Amino acid sequence: MKRCVVLRFLKSPPNQTKTSQEILHHLQNIVDFGKHVMKQFFGENYVHHGEIIQLPLDFVRQLCLKIQPERPECRCDKDMDTLSGFAMCLPNLTRPQSYRLAEHRPLLCIEIKPKCGFIPFSSHVSQEIKHKVCRYCMHQHLKVANGKWKRPSKYCPLDLFSGNKQRMHFALKSLLQEAQNNLKIFKNGELIYGCKDDQDCVSDWNELARHLKPFFFPSNGLVSGPHCTRTIVKELIQVITMTLLSSTDTCRAGDMKTVPVSQGRSYCEASAFNKELVRNGKHKLESSGLPRGCLLYKTLQAQMLDMLDIEGLYPLYSRVEQYLEEFPEERSTLQIDGPYNEAFYEKLLDLSTEDDGTVAFALTKVQQYRIAMTAKDCSIMIALSPCLQDECSEQRSVVLASKSRFTFSVSVLDLDLKPYESIPHQYKLDGEIVNYYLKNVQAKDDPVMSNLFKENEDCTLVLHKV
Ligand SMILES: O=P(O)(O)O[C@@H]1[C@@H](OP(=O)(O)O)[C@H](OP(=O)(O)O)[C@H](O)[C@H](OP(=O)(O)O)[C@H]1OP(=O)(O)O
Ligand SMILES: Nc1ncnc2c1ncn2[C@@H]1O[C@H](COP(=O)(O)OP(=O)(O)OP(=O)(O)O)[C@@H](O)[C@H]1O
């Protein structure tokens, strides 16, 4: 049987080409990080760390020429490495992983980049708004103002991560309305919904329903029209919710709880779902909680390794920086750039937040923050393929829709550890997001604040030194 794999090559800015040895080292770090660290946090079945392979240079060059016209322009600031011949070989996650499928089997794949699913609970947070409105919802306003997206999305990660089906349905519907870079749907490996690049966004529900109809209503029993579209989209949302809540793995860090459930707010004040409830006189948002074995739960736990918030973390980063300035040769002993081995993982398990003033404490928090950042920017891939009742066996995960059934798998991807060097950028961006929100959004919602800004044009809410 033919093996269907994905090849992943390193990219770098044109003036920063690396030697073959450097490329190999970088790829090895990515594989080790997946294998020794992320697998422990997310679980064996959800993470596919892949392996390094060496390919004939001629093949790589031909491949590069072939894919170049397909690459979105906004991603072409980096060039694919064609000089080393090294690449990562990964399973094709657009197809269910649990068992071998016949090649001709139709495939549906939903890719979601859920982003940060909790509100910071750290006492280092200096602005009250950060305890009420999540970063994604605040960031939306800055992104629209900067022209990254034309319209804001109603998606709020806290709804998706709530474990409450109604809230999850709302979150998924919002993603289907404004996919931005948070949702993509592939049919037989081809993008049928979502953004190819920042400009080109497909969001035609009728067209989507046309693609999905054979998956959800295989015997063609449903008439066409807006009712049919709505029914199919509902079926899709239902199936995505069920797969996201399914528990198909266990992991070593499984019982490591980063935060007590009672800590932090479980909803975001800016969520359209929350606002609707408040309008209807209801003030308490249901958060049913996520099943412990599901990928969303694992993702959230890893995200919550950011226990101090960037505001609490930045001074610790500065402490490490100061130490490195004095002892630059210590960088490798501190394992800042790897190796990502068992010892590296073990150090991440110390969840104490009591600062004893040491570099060791600061470093642990910095490394945990980098893991959290990675988990806040990863993607979840749900692969579905229709199956018949008699094909279902114990080894396969199966999800039922009204008129069809699917074998499925859930995986996590884009788990490259965020660089140590990106921490100052995070600090600066956090300030920008919050300041923009306070000045342009909250002030407009709040007449008292609004007048305050009008009266005092010079009033600049600069919260951080940037
Ligand atoms: O900071 P954020 O939340 O805007 O996340 C960045 C993403 O933007 P998003 O908000 O998802 O539209 C951003 O997504 P896009 O490339 O804009 O689609 C990247 O994933 C970026 O990661 P990196 O710096 O390229 O490793 C992400 O940066 P990191 O913060 O994860 O480093
Ligand atoms: N194993 C896989 N199977 C199927 N599709 C994949 C796989 N890995 C990546 N992809 C697809 O390729 C996209 C880019 O992958 P990824 O983000 O890991 O690459 P990258 O090298 O970090 O690129 P970029 O810098 O553009 O994000 C993913 O969003 C997903 O759609």
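Both counts, for ligands and for their atoms, begin at 1 and track the order of listing. The structure displayed is predicted, hence computed values, not measured ones.
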May I ask you to list the atoms of ligand 1 that are less than 4.0 angstrom from any heavy atom of [X]?
X    : value
K148 : 8 (O), 9 (P), 12 (O), 15 (P), 17 (O)
K143 : 9 (P), 10 (O), 12 (O)
R75  : 15 (P), 16 (O), 18 (O)

Which bit of [X] is near ligand 2, meaning a heavy atom under 4.0 Å away: side chain, backbone, both or neither?
X    : result
N92  : both
S379 : neither
F186 : side chain
K78  : neither
L90  : side chain
R75  : side chain

Just by distance, do the side chain of [X] and the backbone of [Y] share a donor-acceptor pair under 3.5 Å?
X    : Y    : value
Y193 : L176 : yes
Q303 : K115 : yes
Q180 : R151 : yes

Is the count of non-hydrogen atoms from other residues, nucleotides or ligands lying under 6.0 Å from H25 atom NE2 greater than 12?
no
Is there a protein heavy atom less than 4.0 Å away from atom 14 (C) of ligand 2?
no
Per-residue contact class, [X] against ligand 1 - non-hydrogen pairs under 4.0 Å:
X    : result
H139 : side chain
L429 : side chain
Q180 : neither
R135 : side chain

For the residue pair [X] and [Y], establish whether any side-chain heavy-atom pair is separated by less than 4.5 Å.
X    : Y    : answer
S409 : S397 : no
Y317 : Y420 : yes
K130 : I119 : no
M307 : L313 : no

Can you find an N or O of W149 that's nearer than 3.5 Å to an N or O of ligand 1?
no
Heavy-atom nearest option to atom 22 (O) of ligand 1, drawn from H425, K418, K376
K418
Please work out which of K115, Q426, K78 has its closest non-hydrogen atom nearest to atom 6 (C) of ligand 1.
K115
Just to check, does M381 reach to within less than 4.0 Å of ligand 2 when the distance is taken from its heavy atoms?
yes
Looking only at protein heavy atoms, which one is nearest to atom 31 (O) of ligand 2, and how far off is it?
E111 OE1, 2.5 Å
What protein heavy atom sits nearest atom 17 (O) of ligand 2, and how far off is it?
D414 OD2, 3.0 Å
